[in-house]
Amino acid sequence: QVQLVESGGGLVQAGGSLRLSCAVSGRTFSRYTMGWFRQAPGKEREFVAHIMWSDGRTYYADSMKGRFLISRDNAKNTVYLQMNSLKPEDTALYYCAASGTRSRWSSDYNNWGQGTQVTVSS
């Protein structure tokens with residue numbers, strides 16, 4: 001089992017930046033894909049980006065490209081999501097998740113953190 005703990009959310013003005021962190025612990029996760037998802041009130045959970053823990057390959061949702069950057073720090077067992085040029089529509093609960101497959105579908109992710117709230121004011 002993999003344990004995931006997100007942090008770094010908060011309130012930021014439109015145009016600002018935040019960096020989310022996801023601390024990973026538990027069983028060997030070197031073969032996992034680490035994903036970030038988000039869910040706004042009344043909306044379905046939405047894929048943001050993922051990264052292959054083994055080689056760092058990344059993949060982004062089209063709407064996130066150019067503004068969000070996913071990365072990992074092997075030494076710290078932590079995955080990051082750097083979010084720039086934030087918009088009010090980025091307001092959501094952001095989740096970190098782990099999957100044994102390279103996927104953008106939330107149903108393929110078996111391990112989830114508790115989420116961290118990001119609120120962007122206009």
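Values below: all heavy atoms of this structure, side chains included; hydrogens, waters and symmetry mates excluded.
- The six-membered or imidazole ring of Phe37 lies away from that of Tyr95, with a centre-to-centre distance of 6.0 Å or more.
- In this structure, Arg102 does not pair ionically with Asp108, as no charged nitrogen and carboxylate oxygen lie closer than 4.0 Å.
- Lys76 places a side-chain heavy atom less than 4.5 Å from the side chain of Tyr80.
- Although no hydrogens or angles enter the test, the distance criterion places no donor-acceptor pair under 3.5 Å between the side chain of Gln82 and the main chain of Phe68.
- The backbone N or O of Arg38 sits nowhere less than 3.5 Å from a side-chain atom of Arg45 that would complete a donor-acceptor pair.
- Cluster membership for Phe47 and Met64, using ILVMFWY side-chain heavy atoms within less than 4.5 angstrom, is not shared.
- Glu46 places none of its side-chain heavy atoms less than 4.5 Å from the side chain of Tyr94.
- Nearest heavy atoms, Gly100 versus Tyr32: N-CD2, 4.4 Å.
- Formation of a donor-acceptor pair under 3.5 Å by the Thr116 side chain with backbone atoms of Gly9 is found in this model.
- Summarising the geometry of Ala49 relative to Tyr60, their closest heavy-atom pair is CB-CD2, 3.5 Å, with the distance given to 0.1 Å.
- For Pro88 against Ser122, the heavy-atom pair with the smallest separation is CG-CB, 3.9 Å.
- For the side-chain contact (heavy atoms from CB on, under 4.5 Å) test with Leu86, the passing option among Thr119, Val120, Thr91 is Val120; the others fail.
- A side-chain donor-acceptor contact under 3.5 Å links Arg104 and Tyr59.
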Checklist entry - Under the side chain to side chain contact (heavy atoms under 4.5 Å, CB included) criterion, do Arg67 and Lys87 qualify, and how do the steps go? => result CA-CA 10 Å; Arg67 294 194 303 125; Lys87 307 173 182 178; 4.0 Å; yes

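- Asn77 places a side-chain heavy atom less than 4.5 Å from the side chain of Trp53.
- Other residues, nucleotides and ligands contribute more than 12 heavy atoms inside 6.0 Å of the CD atom of Gln114.
- Summarising the geometry, atom CG belonging to Leu69 is positioned 7.5 Å from atom OG1 belonging to Thr58; distances are rounded to the nearest 0.5 Å.
- Looking only at atom types and distance, the side chain of Asp73 has no donor-acceptor partner in the side chain of Thr78 under 3.5 Å away.
- Inter-residue side-chain proximity for Met34 and Val24 is flagged as met; some heavy-atom pair is nearer than 4.5 Å.
- Residues Thr101 and Ser99 bring a donor and an acceptor atom of their side chains to less than 3.5 Å of each other.
- In summary, Lys65 and Asp62 engage in a salt bridge, as defined by a charged side-chain N under 4.0 Å from a carboxylate O.
- At a threshold of 4.5 Å between non-hydrogen side-chain atoms, the residues Ser17 and Asn84 count as touching.
- A donor-acceptor pair is defined here as one N or O able to donate and one able to accept, closer than 3.5 Å; no such pair exists between the side chain of Glu6 and the backbone of Cys22.
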Next on the checklist: With side chain to side chain contact (heavy atoms under 4.5 Å, CB included) as the criterion, how do Cys96 and Trp36 come out once you've worked through the C-alpha distance, each side chain's angles and the decisive distance to 0.1 Å?
Outcome noted: CA-CA 5 Å; Cys96 176; Trp36 284 98; 4.0 Å; yes

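- Under the 4.5 Å side-chain criterion, counting only non-hydrogen atoms from C-beta, Leu20 is in contact with Val118.
- Proximity of Val79 to Ile51: side-chain heavy atoms (C-beta onward) are separated by under 4.5 Å at one or more points.
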